[in-house]
There are 2 protein chains.
Amino acid sequence: MSEDLASAAVPAHTTVARGSRNDNTRRHNLSSLLTAVHYGGPLTRAQLTRDTGLNRSTIGGLVTELAQLGLVIEDSAAETGAVGRPSLIVRPDRRVVALALHPDVDAIELGAVAIDGTVLARRRASVDAPPTPQDAAAFAWEAAREIGQEIPGLRVVGAGAAVPGLVAADGATVVDAPHLGWRGVDFREVLAEALTLPVVVGNDANMGLRAEWSFGAARGVDTVVFLNGSASGIGGAALVGGRMLRGGRGYGGEFGHMMIRSDGERCSCGRSGCLETVLNAERLDAVAHDDAALDALASTLADAIANLECAFDPDLVLLGGYLGSLYAVRRPLVDARVEELAFRPDVEDVAIARTALGGNRLLIGAAERAFAALLQDPAGVALVAL
Amino acid sequence: MSEDLASAAVPAHTTVARGSRNDNTRRHNLSSLLTAVHYGGPLTRAQLTRDTGLNRSTIGGLVTELAQLGLVIEDSAAETGAVGRPSLIVRPDRRVVALALHPDVDAIELGAVAIDGTVLARRRASVDAPPTPQDAAAFAWEAAREIGQEIPGLRVVGAGAAVPGLVAADGATVVDAPHLGWRGVDFREVLAEALTLPVVVGNDANMGLRAEWSFGAARGVDTVVFLNGSASGIGGAALVGGRMLRGGRGYGGEFGHMMIRSDGERCSCGRSGCLETVLNAERLDAVAHDDAALDALASTLADAIANLECAFDPDLVLLGGYLGSLYAVRRPLVDARVEELAFRPDVEDVAIARTALGGNRLLIGAAERAFAALLQDPAGVALVAL
DNA sequence: GTTAAAATGTTCCCGCAGAAAACATATACC
DNA sequence: GGTATATGTTTTCTGCGGGAACATTTTAAC
């Protein structure tokens, strides 16, 4: 609501924007508060009053409603040393969780992620062959049951799945996950039926960036380009003005298939010179002890970053997986070449960083997607006992 | 407010979202209605009632307020043939205008654009040397004065300027417009002082896409990549999920400096193989009668489009200027190569189109930027007699 | 220790927003 | 000309946040 005008989204022209009612106001304010404690951790009611600009009494009513919904807990203040009556501390109730599933070639993993972003429990199963959607769903059900017995009192908002492959914009259909062998699968339906929960499915790189944005290295940054090097190739994602780049069909951010060498080799996708054919895990392993070859790969990475910078002008370029490793060992070279290639006048602002969340990244990101509905309408989403 | 959850923007984490009040509701609804008639032309109150989901009586009150503000006009219905009392027709008041300025190398142009998107009047001055910011502002003042005398009763919301060059995200500073020789100029201040109006400054390609999105070939499309070929190079812009791509500093969408040939020539920007060094107006003119060379340039264009598609997954790729002309004469080749290179599984959805608004594009786009504040808060923006 | 000052929580009342119902009006159809 | 239908208008009602007054809890001053 309070965005700057320059980038404010004008409502779509073909469809008239929905009218707003008083209860939308209430929903918006409940959402603002729950979102604030979700990302910002424990906050006092006084801080919430200042930050939202709402009245003390209004904040009181809103927080009370959130507490009655079982979403936040109010604690007496710790010693602050400040004059005046101490403000109550509002923190998210960690018994509110989302399930996060990550099916991959060699393992399936499920986690229960609390509303404050902490991973409360996880289950992992190694597999010999890539799991089918049904395998993944069955494992999710079993693992969720175990976690529910281990930690009593959990209330689940839904489940998110991070799938290595193309996922349609509907958040349901895995269009093509070549390494898993999934093609045109409505994985949302499969998983929702197994868990009897609302499910949202997304691409793994997108989920990863979402996690780093919420709780990791891209926290609070508005415009981010993410490149993640994994065994299955290079995953890409972008955050544009505080929103995930999705694209018309959901396939946006496939930077691994950006053409980076016009004379490059044929890629599995049918094109030539794709970033991930020039710079991939095998090639990196093969030249690990060849300084000149490493330099060449680092230079390729810098070319890709420079290209993405002139398209997106990000505040931050985030590197994960083997791309993060490569950056770590060739940071001066990459930085220098990016700066040299940078089209932008104020190159001193170019920021490149490695991911921060490690093995929890995909679980946290998938859970974030599942939490989105609750954060947007705290009073309108039903929680289910696990 | 009624977006799908998949791409819903989660409020920034570091800053707590502002609280919402009842008057925000009113503002939102006024904005929805004015925006609807701005883009959708005359609409009946009955249609507005259905589309917004608001109550008849509420719509009545809102429309009355907009009419009292002098922003819309209510007309008796034309013959519809339908049973029942005819609904009043709501249309934007065309006396509400924005000024639009386009300073370029060889000319300066100013237009008065009505709130329905029509260009009511324009003034153009050819110049021998690129104008200074002060030249442009002085011309704007003089031309505005003339138009004000020619068409009495106009009420101005503000002015927008489309500048061929890098404009900072603040909507004020021209960071570098090489062809004009402007560098680090606060053109907003210069122009605002001359016109005594609120001013917003933007990049010409961004303004162009905004215009085509509002009233042209990209109307109603949510995700668009725009490439415009002009004498000063290739301008780029993108619309991502209904929002203009801006980037952290405002330099997003510079697709002309995307590296398209890894072995290409040096570009003026310091990099090599930039799209606009491989494919530019001079080169296109030079090979206009050489079919093979034209094919090669068309193929380069297709490569660029394919790259942008894998990054943005747009619903539409929009081509303007000489790139539109090139596409017109080599459409089968470009289409085929884009489809061949397309990474996306459902390539049948790739849409490429030429721009539709012609010489009015930049004026309309700049005016749109100026109208944005009014559309967002119809009751909160003061109009000034021209 | 007592009192004052400061900050916050709580309660009650007000104004404003849109919803809903009742009523008024304008058209088409028979 | 009467009726059905759709829409504009007026009135009443509910819900939300603001704000003032009061209550509570702390620190600081004496």
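Here is how names work: the chains are called A, B, and so on, in the same order as the sequence lines, proteins then strands, and each is numbered from 1. Owing to the predicted nature of the structure, the values given are computational and were not obtained by experimental measurement.
- Ring geometry, A:H38 versus A:F215: the interplanar angle exceeds 60°, so the pair is classed perpendicular (tilted spans 30 to 60°).
- We find that NE2 of B:H28 is positioned 18 Å from P of D:dC16, with the value rounded to whole Å.
- Using a 4.0 Å cut-off, no side-chain N or O of B:S87 falls inside it from OP1 or OP2 of D:dA6.
- A donor-acceptor contact closer than 3.5 angstrom is absent between the side chains of A:Q376 and A:H28.
- For A:R56, no side-chain nitrogen or oxygen approaches OP1 or OP2 of D:dA21 to under 4.0 Å.
- A:D170 has no carboxylate O lying under 4.0 Å from a charged side-chain N of A:R188, or vice versa, which leaves the two without a salt bridge.
- B:R21 has no side-chain polar atom (N or O) that falls below the 4.0 Å cut-off from OP1 or OP2 of D:dC16.
- Here C:dA7 presents its P atom at 18 Å from CD1 of A:I59, a figure rounded to the nearest Å.
- Salt-bridge check for B:E74 with B:R91: failed, with every basic side-chain N at 4.0 Å or more from each acidic carboxylate O.
- Put simply, CD on B:E65 is 12 Å from P on C:dC16, counting in whole angstrom units.
- To the nearest angstrom, P of D:dT7 lies 15 Å from CD of B:E74.
- The number of heavy-atom neighbours closer than 6.0 Å to CZ of B:R26, taken from other residues, nucleotides and ligands shown, is above 12.
- Residue contacts for A:G61: at a heavy-atom cut-off of 4.0 Å it reaches no nucleic acid atom on any strand shown.
- Place B:T49 and A:L54 on DNA chain D by their nearest nucleotides, and B:T49 ends up nearer the 5' end.
- Under 3.5 Å, the side chain of B:S57 and the base of D:dG8 form no donor-acceptor pair of N or O atoms.
- Rounded to whole Å, the distance from CG on A:N55 to P on D:dA20 is 9 Å.
- Between B:T58 and C:dA19, a side-chain N or O to OP1/OP2 separation shorter than 4.0 Å is present.
- In this entry the distance linking CG of A:L88 with P of C:dA7 reads 17 Å, nearest Å.
- Per the geometry, CG belonging to B:D23 stands 15 Å off C1' belonging to C:dC14, to the nearest Å.
- Whole-Å rounding puts the A:L30 CG to D:dC16 C1' distance at 11 Å.
- Mapping B:A46 and A:L62 onto DNA chain D by nearest heavy atom places B:A46 at the nucleotide closer to the 5' end.
- Using a 4.0 Å cut-off, no side-chain N or O of B:R45 falls inside it from OP1 or OP2 of D:dT7.
- Here the side chain of A:P86 is nearest to one of D:dT26, C:dG18, D:dT7, namely D:dT26.
- When each of C:dA19, C:dA6, D:dT5 is scored by its nearest atom to the side-chain atoms of B:V83, the top-ranked nucleotide is D:dT5.
- Side-chain N/O atoms of A:R26 include one lying less than 4.0 angstrom from OP1 or OP2 on D:dG17.
- In the interface, the side chain of A:N22 is not paired with the base of D:dC16 through any donor and acceptor atom under 3.5 Å apart.
- Within a 6.0 Å sphere centred on CD of B:E189, other residues, nucleotides and ligands contribute 12 heavy atoms or fewer.
- Dashed line: the shortest gap from a side-chain N or O of A:N29 to OP1 or OP2 of D:dC16 is not under 4.0 Å.
- For C:dC16, the OP1/OP2 oxygens have no side-chain nitrogen or oxygen of B:R27 closer than 4.0 Å.
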